[in-house]
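The structure under discussion appears below in the form of structure tokens.
Keep in mind that this is a model prediction, so the values were computed, not measured.
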Amino acid sequence: MNALYYETFQGPISYREVPSPDPSTTGVIIEVKATGLCLSDWHGLMGHDKDIILPHVPGHELAGVVVETGKEVRKFHKGDRVTVPFVGGCGRCSTCLSGNHQVCPDQFQPGFTAWGSFAEYVAIDYADTNLVRLPEEIDYVTAASLGCRFATSFRGIVDQGRVRGGEWVVVFGCGGVGLSAIMIARGLGAQVLAVDVADEKLAFAQSLGAHAVLNSQTVGDVPEAIREMIRGGAQVTVDAIGNQSVIQTALLALGRRGRHVQIGILPPEKALAPIPMDRVIAYELELYGSHGMQAFRYHEMLQMILSGRLSPQQLVTETISLESAAQLLPKMHLSQQAGVRVITI
């Protein structure tokens, strides 16, 4: 099969023929129809993810068709249209049995713990636990945009942030994660303030329903500017970038009893972010991580898409080929493009 392939971190990526995968006893082989190009793939290429064993095929946001199943797979069959969370649980440990597959200690991550979806075929383990059957009304490109950025934002906004109608949500960063968070918060009836340094991205955020925008480079004290715009501070803040200063700003922009959701990944050397703990204590703030979403939670998200409350297809601004992705992936951290790129195969 053809795939994107690299042998060294921070090294060249080639489009080449590699061996096709075989399914594990609990897994399936999916013919990839579409797969998202995500900043997490760039983190992997840079060597920021300790799970990657070289040589490697990246890619973790995918949708396609089951073409082969392992002997222990019961719920899925050849020909099923499916997608999958970027984090899959084993389905057997105490963490999974509690319903928290997204933080399974033995988790499976295509494109990280195993070869990924920047290929014609991809192997997915623990299929009965992690595959999601796609409604016919949702096309492959839209489905591929859900697997990491959108699903993680959905869990972050709905389950972790517990956003309710009428609340103010401040989203820092208008890339794929941030724009997804904005759309989902709006779908729940919240009011959203989008913060970024690029006017083009802020304009796109407004087109998706952000009530207000703020270019953080135009003000001296960002938390104060936000608190002036939202009297008393926000009920929920989201760091969709992964930046030490953004985390501090987001916490200082919260009102009393506010909730901060951390979705953006920080590079390893900056993972220990300083926290204004005096404010956390005085305001009784809450801080949550959001790391993927369980397959069984996709039902609510898909129903909101089918009902028209969410339109993730609006986030997809470009479809590209695998060959083009080889050129774009090393530069992902420099991109100022609004929206999401999806590879079609």
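Here the OG1-CG distance, from T344 to D139, works out to 11.0 Å after rounding to the nearest 0.5 Å. Interatomic distance, NE2 of H211 versus CD of Q206, reported as 11.0 Å (0.5 Å rounding). We find the CG-CZ distance between L134 and R81 to be 5.0 Å, quoted to the nearest 0.5 Å. Remark: Q248 CD to N243 CG distance equals 9.5 Å, nearest 0.5 Å. If you take CG on D41 and CZ on F118, they are separated by 4.0 Å, rounding to the nearest 0.5 Å. Atoms CG and OG1, from D125 and T26 in turn, are 5.0 Å apart once rounded to the nearest 0.5 Å.
Among all heavy-atom pairs drawn from G64 and Y140, the shortest one is O-CE2, 3.7 Å. For the pair R133 and V82, the tightest heavy-atom approach, listed with the atom from each and the gap, is CA-CG1, 4.4 Å. Here the closest non-hydrogen pair linking A253 and T237 is CB-CG2, 4.4 Å. Of all non-hydrogen atoms in A119 and I345, the two that sit nearest each other are O-CD1, 3.2 Å. Of all heavy-atom pairs between G11 and L45, the closest is O-CD1, 4.1 Å. What you find for T129 and G91 is that their closest heavy atoms are OG1-CA, 3.7 Å.
Just one of R155, Q160, R162, H260 meets the side chain to side chain donor-acceptor pair (under 3.5 Å) condition when paired with Y288; it is R162. The only option from L131, T25, V66, D128 that meets the side chain to side chain contact (heavy atoms under 4.5 Å, CB included) definition with V73 turns out to be D128. A side chain to side chain contact (heavy atoms under 4.5 Å, CB included) with L37 is found for one member of V342, I320, V340 and no other, namely I320.
Using a 4.5 Å heavy-atom cutoff, the side chains of Y6 and L4 are not in contact. Side-chain contact between T8 and P12 is present, with heavy atoms from C-beta onward closer than 4.5 Å. For the pair I138/T83, no side-chain contact is recorded, criterion being any heavy-atom separation below 4.5 Å from C-beta on. Here the side chains of V141 and Q313 are not in contact, with every heavy-atom distance at 4.5 Å or above. At least one side-chain heavy atom of W42 sits less than 4.5 Å from a side-chain heavy atom of H48. Between E68 and Y121 there is no side-chain heavy-atom pair separated by less than 4.5 Å. F9 has its side chain out of reach of M46: every pair of non-hydrogen atoms, C-beta onward, lies at least 4.5 Å apart. Using a 4.5 Å cut-off on side-chain heavy atoms (C-beta onward), L208 and Q314 make contact.
No more than 12 heavy atoms of other residues, nucleotides or ligands lie within 6.0 Å of CG in L272, so this atom counts as exposed by the packing criterion. Around the NE2 atom of H299, the shell of radius 6.0 Å holds no more than 12 heavy atoms that belong to other residues, nucleotides or ligands.
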Take L214 and V222 through the side chain to side chain contact (heavy atoms under 4.5 Å, CB included) test and state the conclusion after the steps.
CA-CA 9 Å; L214 175 65; V222 178; 4.2 Å; yes
Kindly determine whether E318 and R341 satisfy salt bridge (Lys or Arg N to Asp or Glu O under 4.0 Å), including the steps that lead there.
CA-CA 5 Å; E318 186 179 12; R341 289 188 177 103; 2.8 Å; yes
Please determine whether side chain to side chain contact (heavy atoms under 4.5 Å, CB included) holds for the pair E284 and R256, giving the CA-CA distance in whole Å, both sets of side-chain angles, and the decisive distance to 0.1 Å.
CA-CA 7 Å; E284 291 192 349; R256 298 175 188 274; over 6 Å; no
Checking H333 against L39 for the side chain to side chain contact (heavy atoms under 4.5 Å, CB included) test, could you report, in this order, the C-alpha distance in whole Å, the side-chain angles of both residues, the deciding distance, and whether it holds?
CA-CA 7 Å; H333 64 303; L39 188 61; 4.3 Å; yes
Please test V65 against K33 for side chain to side chain contact (heavy atoms under 4.5 Å, CB included), starting from the C-alpha separation and ending with a verdict.
CA-CA 7 Å; V65 178; K33 297 296 187 180; 4.0 Å; yes
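Without hydrogens or angle criteria, W115 side chain to Y5 main chain gives no donor-acceptor distance under 3.5 Å. Formation of a donor-acceptor pair under 3.5 Å by the E137 side chain with backbone atoms of L306 is not found in this model. In this structure, the side chain of S290 engages the main chain of T152 through a donor-acceptor pair within 3.5 Å. The backbone N or O of G209 lies less than 3.5 Å from a partner atom in the side chain of R186, making a donor-acceptor pair. Side chain of E323 to main chain of Y15: no donor-acceptor pair is present (N/O by atom type, distance under 3.5 Å, no hydrogens or angles).
Following chains of ILVMFWY side-chain contacts shorter than 4.5 Å, one cannot reach I157 starting from F296, and the two form parts of different hydrophobic clusters. Connection of V158 to V132 is established within a shared hydrophobic cluster, with ILVMFWY side chains joined at heavy-atom distances below 4.5 Å, either directly or through further cluster members. I124 and Y298 fall into different hydrophobic clusters, defined by Ile, Leu, Val, Met, Phe, Trp and Tyr side-chain heavy atoms under 4.5 Å apart, directly or through other members. Linking ILVMFWY residues whenever their side-chain heavy atoms come closer than 4.5 Å, directly or via other members, places M332 and L322 in the same cluster. Cluster annotation: V261 is connected to L188 through the hydrophobic network of ILVMFWY side chains, with a link wherever side-chain heavy atoms come within less than 4.5 Å.
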Only pairs under 3.5 Å count here: list side-chain donor-acceptor contacts from residues 16-23, not counting sequence neighbours, and write none if there are none.
none

For residues 189-202, which side-chain donor-acceptor pairs fall under 3.5 Å, sequence neighbours excluded?
from, atom 1, to, atom 2, distance (Å)
Q191, NE2, G166, O, 3.3
D196, OD1, A198, N, 3.0
D196, OD2, C174, N, 2.7
D199, OD1, N215, ND2, 3.0

Could you go through residues 97-112 and list every donor-acceptor pair under 3.5 Å that involves a side-chain atom there, pairing it with any protein atom two or more places apart or in another chain?
from, atom 1, to, atom 2, distance (Å)
S98, OG, T95, O, 2.6
S98, OG, N100, ND2, 3.0
N100, OD1, Q102, NE2, 3.3
Q102, OE1, Q294, NE2, 3.4
Q107, OE1, Q109, NE2, 2.4
Q107, NE2, C104, O, 2.8

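Ring centers of H291 and F86: under 6.0 Å apart, within the cut-off.
Taking a 4.5 Å side-chain heavy-atom cut-off between Ile, Leu, Val, Met, Phe, Trp and Tyr, the cluster of I281 extends to I247, L251, L254, L266, I275, M277, V280, Y283, L285, L287.
Pairs of residues two or more places apart, or lying in two chains, never qualify as salt bridge (charged side-chain N to carboxylate O under 4.0 Å, His left out) while including a residue from residues 232-247. Each salt bridge (charged side-chain N to carboxylate O under 4.0 Å, His left out) pair with one or both residues in residues 297-313, not counting sequence neighbours, appears once here: D159-R297, R297-E300.
There is a side-chain donor-acceptor pair under 3.5 Å between T35 and S117.
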